[in-house]
There are 2 protein chains.
Amino acid sequence: MSAALQSEGSSEDIGTRLKLVRQIFGLTQRELARRAGVTNGAISLIEQNRVSPSISSLKKILDGIPLSLADFFTLDFSPSENVFFTAGELTEISYDPAITMRMVGRRVKDRALQMLKETYQPGADTGDAMLRHGGEECGVVIAGTLTLTVGVQERLLNPGDAYYFRSDIPHRFRNMSSEAVVLISANSPPSF
Amino acid sequence: MSAALQSEGSSEDIGTRLKLVRQIFGLTQRELARRAGVTNGAISLIEQNRVSPSISSLKKILDGIPLSLADFFTLDFSPSENVFFTAGELTEISYDPAITMRMVGRRVKDRALQMLKETYQPGADTGDAMLRHGGEECGVVIAGTLTLTVGVQERLLNPGDAYYFRSDIPHRFRNMSSEAVVLISANSPPSF
DNA sequence: CCCACACGTTTAGAATTATTGACGATGCTG
DNA sequence: CAGCATCGTCAATAATTCTAAACGTGTGGG
């Protein structure tokens with residue numbers, strides 16, 4: 001076969017699924033390709049369902065997001081979904097062993113907001129090259145002391161303290177204390 | 001790259017994962033290949049991690065088991081796993097829209113027993129070409145009236161009734177009533 | 001207006017995966 | 001033990017995917 005491979009149900013529509021995930025994380029095809037170590041053309045073809053990627057390619061691409069294969073296939077894009085989630089149901093997005101991020105809810109389509117529960121181990125540091133998408137973001141510290149740098153300002157935030165800034169301003173999260181920092185954050189709609 | 005692709009951690013070791021799943025379901029490479037519409041050579045190469053299958057190939061293969069991509073990547077093979085499972089945590093194995101099977105537990109390695117919760121809608125029928133593996137199986141009916149044929153014997157089983165037979169005897173499950181049949185079944189270790 | 005830049009798309013060719021058909025090993029049966 | 005069947009594996013070839021380098025579009029500045 002060569003012409004068939006096109007639109008299937010939805011759960012198996014890898015292309016659309018990848019495109020949605022990519023857009024939710026505010027990445028362009030080229031940016032994701034760079035992070036993943038593949039070419040932008042490959043991502044374009046996959047998103048159009050003109051090819052069916054190998055597992056190794058798909059894994060490389062998802063590592064650039066980052067998202068596990070299991071989560072990729074498990075994510076639910078249906079508009080009406082569960083309202084309540086237990087702690088264990090949060091989708092994990094691991095950047096760095098010292099930093100864990102868990103997304104609230106598995107529903108992903110038509111999101112207006114992305115909410116994360118983030119945990120920073122002592123010494124964890126995002127670096128400041130994390131411009132990301134162009135929305136806004138805010139958060140509240142739940143535990144520990146967070147060192148937050150936004151533009152030229154730097155502050156120590158203790159439990160109950162919060163922040164709010166435009167995501168295109170360079171920013172950096174650090175845990176310079178000896179106990180873990182936990183915070184709840186939200187990002188406004190990444191692009192689309 | 002050409003030589004690297006070999007053994008990785010485990011969660012991403014598609015070959016071993018596929019092999020385990022195939023063996024748990026008591027299928028040979030050739031039998032699975034036939035069901036899936038691929039060649040046995042392809043399955044051999046994948047299980048040895050000598051190639052990384054395309055999603056379309058992997059999906060075809062899993063359809064022959066049958067198992068969804070999401071479940072395939074979600075299955076947990078670690079020997080020590082949870083003991084308790086809620087209804088929603090059972091892994092679904094859908095053969096037929098009229099028949100649902102949910103496997104108890106996600107742990108899969110070193111299983112001595114496979115337990116399923118099966119639901120047959122009115123009219124559902126497995127046909128009798130389901131010889132499957134060579135162990136034994138038994139079950140208890142929870143709701144509805146099950147028509148069970150084993151070899152030359154046929155019986156109507158009502159809630160509380162049960163069965164036990166060698167799986168290599170031809171057998172057939174039917175729901176000839178107007179209400180759904182629910183039963184809990186167990187199979188002894190499929191081959192390996 | 002035109003240039004520079006970033007976006008997704010496309011195409012030819014390189015790289016990888018799937019098929020075909022054969023092989024050795026094992027087990028069963030007469 | 002030979003004959004036969006089935007298992008997993010392998011090599012050569014066919015088919016598909018991935019890369020590299022273009023293209024066309026749209027947008028913002030100067």
Side-chain angles (χ1 to χ4, degrees), chain A residues 1-8 12-65 69 131-134 168 190-192, chain B residues 1-6 8 12-64 69 131-134 168 190-192:
Chain A
M1 77 164 159
S2 178
L5 176 54
Q6 302 300 78
S7 58
E8 296 178 42
E12 316 306 353
D13 181 352
I14 305 300
T16 303
R17 184 167 281 254
L18 176 59
K19 182 168 189 169
L20 280 169
V21 170
R22 175 175 64 78
Q23 291 178 328
I24 283 153
F25 284 88
L27 300 170
T28 65
Q29 289 182 347
R30 284 181 148 87
E31 171 61 12
L32 177 54
R34 188 190 61 70
R35 292 197 194 192
V38 300
T39 58
N40 61 304
I43 293 177
S44 176
L45 294 172
I46 292 166
E47 290 189 354
Q48 298 171 79
N49 284 321
R50 297 202 2 209
V51 300
S52 176
S54 69
I55 296 291
S56 62
S57 298
L58 183 59
K59 171 147 189 354
K60 276 201 290 187
I61 292 168
L62 294 179
D63 282 347
I65 286 182
L69 284 164
L131 308 199
R132 308 268 287 179
H133 49 278
D168 54 3
S191 55
F192 85 124
Chain B
M1 77 165 158
S2 178
L5 175 55
Q6 302 301 76
E8 298 178 40
E12 315 306 354
D13 181 351
I14 305 300
T16 302
R17 182 168 283 253
L18 176 60
K19 183 167 190 170
L20 280 169
V21 169
R22 174 175 65 77
Q23 291 178 328
I24 283 153
F25 284 87
L27 300 171
T28 65
Q29 289 182 346
R30 284 183 148 87
E31 171 61 12
L32 178 54
R34 189 191 60 73
R35 292 196 195 192
V38 301
T39 58
N40 61 304
I43 293 178
S44 176
L45 294 173
I46 291 166
E47 290 188 354
Q48 299 172 78
N49 284 320
R50 298 206 358 212
V51 300
S52 176
S54 70
I55 295 291
S56 62
S57 299
L58 183 59
K59 171 150 190 348
K60 276 200 290 187
I61 291 168
L62 294 179
D63 283 347
L69 284 165
L131 307 200
R132 307 270 287 179
H133 48 277
D168 54 2
S191 54
F192 87 126

* Asked: With respect to A/Arg35, which candidate in A/Ile61, A/Ile65, A/Leu27, A/Asp63 satisfies the side chain to side chain contact (heavy atoms under 4.5 Å, CB included) definition?
  -> A/Leu27

* **Whole-Å distance separating the CD1 atom of A/Ile55 from the C1' atom of D/dC18** => 16 Å

* Asked: Between A/Arg22 and C/dG8, does any side-chain N or O lie under 4.0 Å from OP1 or OP2?
  -> yes

* If you measure from CZ on A/Arg17 to CG on A/Leu58, what distance do you get to the nearest 0.5 Å? -> 10.5 Å

* **Interatomic distance where CD1 belongs to A/Ile43 and P belongs to C/dG8 [whole Å]** => 9 Å

* Asked: Hey, does A/Ser44 reach any base, or is it just sugar-phosphate, or nothing, if we go heavy atoms under 4.0 Å?
  -> base

* **Expected output: side-chain A/Arg50 to main-chain A/Leu45 donor-acceptor under 3.5 Å** => no

* Asked: Is there a donor-acceptor pair under 3.5 Å between the side chain of A/Asn40 and the backbone N or O of A/Ala33?
  -> no

* Between A/Ile46 (CD1) and C/dG8 (P), how many Å, whole number? -> 14 Å

All N/O pairs under 3.5 Å across the protein-nucleotides 19-23 of chain D interface:
{"from": "D/dT19", "atom 1": "OP2", "to": "A/Thr39", "atom 2": "N", "distance (Å)": "3.2"}
{"from": "D/dT19", "atom 1": "OP2", "to": "A/Thr39", "atom 2": "OG1", "distance (Å)": "3.0"}

* Out of D/dC18, C/dT10, D/dG8, which nucleotide sits closest to the side chain of A/Gln48? -> C/dT10

* Asked: Looking only at side-chain N and O atoms, does A/Ser54 come under 4.0 Å of OP1 or OP2 in C/dT17?
  -> no

* Rounded interatomic separation in angstrom, taking CD1 from A/Ile61 and P from D/dT17 -> 13 Å

* To do: Using a strict cut-off of less than 4.0 Å between a Lys/Arg side-chain nitrogen and an Asp/Glu carboxylate oxygen, indicate whether B/Arg22 and B/Glu47 qualify as a salt bridge.
  => yes

* Asked: For the side chain of A/Gln29, counting heavy atoms from C-beta on, which of C/dA18, C/dT9, D/dC18 is nearest?
  -> C/dT9

* By nearest nucleotide on DNA chain C, pick out whichever of B/Ser57 and A/Glu47 is the more 5' one. => A/Glu47

* Structure fact -> The residue among B/Arg30, B/Gln29, B/Gln48 that forms side chain to side chain contact (heavy atoms under 4.5 Å, CB included) with B/Ile43 is B/Gln29

* To the nearest Å, give me how far apart CG (A/Leu27) and P (C/dA6) are. => 16 Å

* To do: May I ask you to decide if B/Ser56's main-chain N or O and A/Ser52's side chain share a donor-acceptor pair within less than 3.5 Å?
  => yes

* Rounded interatomic separation in angstrom, taking CG from B/Asn49 and P from D/dG8 -> 16 Å

* Rounded distance (Å) that lies between atom C1' of C/dC7 and atom CZ of A/Arg34 -> 16 Å

* Which nucleotide, C/dT11, C/dC7, D/dG8, lies nearest any side-chain atom of A/Arg50? -> C/dT11

